[in-house]
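Here's the structure, in structure tokens; my notes come after.
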There are 2 protein chains.
Amino acid sequence: MGEDAALEVAVRLKALADPVRLRLLSLLLASEEVCTCDLAPAVDLTEATVSHHLGQLKKAGFISGERRGMNVYYRAHRDALGAMAQVIDPACC
Amino acid sequence: MGEDAALEVAVRLKALADPVRLRLLSLLLASEEVCTCDLAPAVDLTEATVSHHLGQLKKAGFISGERRGMNVYYRAHRDALGAMAQVIDPACC
DNA sequence: CCACCTACTTGACGAATGTCGAAAGGGTTG
DNA sequence: CAACCCTTTCGACATTCGTCAAGTAGGTGG
């Protein structure tokens, strides 16, 4: 793996390498669409903290959020996760 | 994903989420067996720094090292990487 | 046996980065 | 406007990265 490629992959892996973000992602994968106000109590953290984590996942391209009315609904990008899995083990898929 | 499971996965992902460790792993996957003295110049860091990184990869179960004479030879555990890929995307494999 | 060298690991340190929540701000609805 | 949802800024605290210095392990020559 090249130096630049390693840096890009590491940045995206860092976004996944946190217990809170893994649980948020798991909740999003299970429920299709969830808003911050529902996620915060599920992981027992403040909405501000959850917003931080969602921002990191969004920046890494694993989720996206859409505002509808008062709430912001987040959904997971399953293809981005699949691509990440393939980088870790190309022989896997 | 449960709280404890998320923590365990996060710890192992953190071991992967670093550009230096990704490059070290890539070198090990390419060459079957490499010693610290060959890895250090390949990533342009001191042997001490490389040893720290190899220790983290070893602790996470992605590599193992064996001393033969003066050198310590490391090799990657491909199955551990496959298992990690499957955690990220269960539908992948 | 001893000194000496190479290969590698470990511990301690400063610099950089990440985590979390309180407070403040922007949008949206009633 | 008041209430609600969400994000952003700021500050405290913890974790991580790379290096030096010291220590261990194995090999070599006097």
Side-chain angles (χ1 to χ4, degrees), chain A residues 1 3-4 6-25 27-28 31 33-76, chain B residues 3-4 6-28 31 33-76:
Chain A
M1 190 174 330
E3 204 164 342
D4 297 343
L7 187 64
E8 287 179 25
V9 173
V11 167
R12 305 190 71 201
L13 272 179
K14 266 200 232 294
L16 289 181
D18 180 277
V20 173
R21 291 194 285 276
L22 285 173
R23 291 176 66 201
L24 290 174
L25 212 43
L27 290 167
L28 290 175
S31 301
E33 258 192 357
V34 196
C35 61
T36 310
C37 62
D38 286 335
L39 289 171
V43 296
D44 199 29
L45 290 171
T46 64
E47 292 189 1
T49 301
V50 170
S51 187
H52 282 307
H53 286 299
L54 290 173
Q56 289 186 249
L57 287 173
K58 190 175 175 181
K59 194 172 177 184
F62 293 120
I63 66 172
S64 61
E66 180 197 357
R67 170 154 226 143
R68 277 205 305 280
M70 210 156 34
N71 303 306
V72 176
Y73 293 96
Y74 285 94
R75 69 169 60 231
Chain B
E3 203 164 344
D4 297 344
L7 188 64
E8 287 179 25
V9 174
V11 167
R12 305 190 71 200
L13 272 179
K14 266 198 233 291
L16 289 181
D18 179 277
V20 172
R21 290 193 287 275
L22 285 173
R23 291 175 64 201
L24 290 174
L25 212 43
S26 163
L27 289 167
L28 290 174
S31 301
E33 258 193 355
V34 196
C35 60
T36 310
C37 62
D38 286 336
L39 290 171
V43 296
D44 198 29
L45 290 171
T46 64
E47 292 188 1
T49 302
V50 171
S51 185
H52 281 305
H53 284 299
L54 290 173
Q56 288 187 251
L57 287 173
K58 189 176 177 181
K59 194 173 177 182
F62 294 120
I63 65 172
S64 61
E66 180 198 357
R67 178 177 276 274
R68 277 205 304 279
M70 214 157 31
N71 303 304
V72 175
Y73 293 96
Y74 285 95
R75 68 170 59 229

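Below, chains carry the letters A, B, ... as their sequence lines are ordered, and counting in each starts from 1.
- Annotation for B:Y74 and B:L28: closest pair O-CD2, 3.5 Å, computed over non-hydrogen atoms.
- Taking NE2 from A:H53 and CG from A:D18, the interatomic distance works out to 5.0 Å, rounded to the nearest 0.5 Å.
- The separation between A:H52 atom NE2 and C:dA22 atom P is 12 Å, rounded to whole Å.
- Nearest to the side chain of B:T49, among D:dG18, C:dT19, C:dC8, sits D:dG18.
- The side chain of B:S51 contributes an N or O atom lying less than 4.0 Å from OP1 or OP2 of C:dT9.
- For B:Q56, no side-chain nitrogen or oxygen approaches OP1 or OP2 of D:dT16 to under 4.0 Å.
- Atom CG in B:L54 sits roughly 16 Å away from atom P in C:dA7 (whole-Å rounding).
- Taking only side-chain nitrogens and oxygens, A:R21 comes nearer than 4.0 Å to OP1 or OP2 of C:dT19.
- If you measure from atom CG of B:L45 to atom P of D:dT16, you get 18 Å, rounded to the nearest angstrom.
- B:Y73 has its OH atom 13 Å from the P atom of C:dT9, to the nearest Å.
- In this structure, B:Y74 reaches the C:dT9 phosphate: one of its side-chain N or O atoms is under 4.0 Å from OP1 or OP2.
- Taking atom NZ on B:K58 and atom C1' on C:dT10, their separation rounds to 13 Å, with Å as the unit.
- Closest approach to the A:T36 side chain among D:dT7, C:dT9, C:dG27 is made by D:dT7 (side chain taken as heavy atoms from C-beta onward).
- Distance, A:M70 CE to D:dA3 P: 14 Å, rounded to whole Å.
- Other residues, nucleotides and ligands place no more than 12 heavy atoms under 6.0 Å from the CD atom of A:E3.
- Mapping A:V20 and B:E47 onto DNA chain C by nearest heavy atom places B:E47 closer to the 5' end of the strand.
- Of the two residues near DNA chain C, B:K14 and B:V72, the one whose nearest nucleotide lies more 5' is B:V72.
- Counting to the nearest Å, the P atom of D:dT16 and the CG atom of A:D18 are 11 Å from each other.
- Between A:R68 atom CZ and D:dC4 atom C1' there is a gap of 18 Å when expressed in whole angstrom units.
- Interatomic distance, B:L39 CG to B:T49 OG1, rounded to the nearest 0.5 Å: 13.0 Å.
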